[in-house]
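Just so you know, residue 1 is the first one in the sequence shown, and it goes up from there.
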Amino acid sequence: PTECFLSQPEEKQETTTIKAKKRKKKKISDILQKSAPKPGVPADLQNLLSQHFAGNRSVIEIEELKLSDSCFLPANDLSHSFSSYLKEICPKWAKLRRNHKEKKSLVMLVICSSALRSLELIKSMTAFKGDCRVLKLFAKHIKIKEQMNMLEKGVFHIGVGTPGRVKALVEQDGLCLSSTKYMILDWNWRDQKLRRMMDIPEIKKETIDLLEMSIIKLCREGSVKLGLF
């Protein structure tokens, strides 16, 4: 019958269209591969915060999350190693390091996307850190109680880790931010899939939660400066 004959090609055509649509959907890595690396600037973080809170916050609440340019350190122009960037933004590090005596606190926090990346950054800051003590602040193979004990018993200057673990330490009163002067976000680095830390939904959410919880307030008060490496 004519009806049966006509219905079959239509189904095939519909299936072909769906398959074509699926093929056309681009992955983030495909898009990033074609675009030239562009260093992050303060406006990028501001836009990210505004977009994130646009649906569930009032205009006044979003306004309170805005940071002036004075809250930011010079951004990395992609020409720096991690040590040379830290030397540029913190020329008086030796004095800050000597004067820091508080337990449960850190002078500098470095936030990145994974434990592996944390270890890479710790290795690459050797020329900057001198004899200061660096603490690993990620969850992989390290229990939160261990980190809390170390912070309580010793004086550490720099903490390098993931936003989720840093946030948990602050929430559980294991880490106090009263002595923190610098917070560096590992903004420009890309993983094997060419994703930056803010391209990974879980890391992005945890970073924004950490910023909203205490860092933005401290930045607005002038005690913490934000850097995009």
Any donor and acceptor pair, going by atom type alone, linking the side chain of [X] with main-chain N or O of [Y] inside 3.5 Å?
| X | Y | answer |
| --- | --- | --- |
| Y85 | P74 | yes |
| K181 | C90 | no |
| K217 | L211 | no |
| S223 | L218 | yes |
| Q147 | K136 | yes |
| S118 | S114 | yes |
| H100 | H157 | no |
| D44 | V41 | yes |
| N149 | E146 | no |
| N188 | G40 | yes |

Are [X] and [Y] close enough that some pair of their side-chain heavy atoms sits under 4.5 Å apart?
| X | Y | answer |
| --- | --- | --- |
| L67 | Q46 | yes |
| S113 | I200 | yes |
| C219 | K225 | no |
| L177 | T180 | yes |
| V110 | I158 | yes |
| W93 | M108 | yes |
| V160 | F138 | no |
| F156 | C132 | no |

Heavy-atom count around E202 CD within 6.0 Å, excluding the residue itself: above 12?
no
Any salt bridge linking [X] with [Y]? Criterion: basic side-chain nitrogen under 4.0 Å from a carboxylate oxygen.
| X | Y | answer |
| --- | --- | --- |
| K167 | E212 | no |
| K104 | D173 | yes |
| K204 | D199 | no |

With rounding to the nearest 0.5 Å, note down the distance linking [atom1] in [X] to [atom2] in [Y].
| X | Y | atom1 | atom2 | value |
| --- | --- | --- | --- | --- |
| L226 | L228 | CG | CG | 7.0 Å |
| D209 | I215 | CG | CD1 | 12.5 Å |
| L96 | S179 | CG | OG | 10.5 Å |
| M197 | T162 | CE | OG1 | 9.5 Å |
| R97 | F128 | CZ | CZ | 8.5 Å |
| H52 | M198 | NE2 | CE | 10.0 Å |

What's the verdict on side-chain contact (heavy atoms from CB on, under 4.5 Å) for F82 and D186, showing C-alpha distance, side-chain angles and the deciding distance?
CA-CA 10 Å; F82 194 40; D186 187 29; over 6 Å; no
Looking just at side-chain N and O atoms, do S81 and S83 make a donor-acceptor pair shorter than 3.5 Å?
no
Give a yes or no on whether [X] and [Y] share a hydrophobic cluster (residues Ile, Leu, Val, Met, Phe, Trp, Tyr; joining criterion: side-chain heavy atoms under 4.5 Å apart).
| X | Y | result |
| --- | --- | --- |
| L106 | I144 | yes |
| M183 | V166 | yes |
| M213 | L175 | yes |
| V170 | I111 | yes |
| V224 | L185 | yes |

Closest heavy-atom contact between [X] and [Y]?
| X | Y | result |
| --- | --- | --- |
| L169 | M148 | CD2-CG, 3.5 Å |
| K87 | A127 | CE-O, 3.4 Å |
| E88 | P91 | O-CD, 3.7 Å |
| G154 | R133 | CA-NH1, 4.0 Å |
| R165 | A139 | NH2-CB, 3.2 Å |

For E120 and K123: C-alpha separation, side-chain torsions, deciding distance, then whether salt bridge (Lys or Arg N to Asp or Glu O under 4.0 Å) applies.
CA-CA 5 Å; E120 283 176 17; K123 280 180 188 173; over 6 Å; no
Assert yes or no for the condition that the ring centre distance of W187 to F229 is strictly below 6.0 Å.
no
Could you go through the side-chain contact (heavy atoms from CB on, under 4.5 Å) check for Y182 and L109 one step at a time?
CA-CA 6 Å; Y182 303 96; L109 266 175; over 6 Å; no
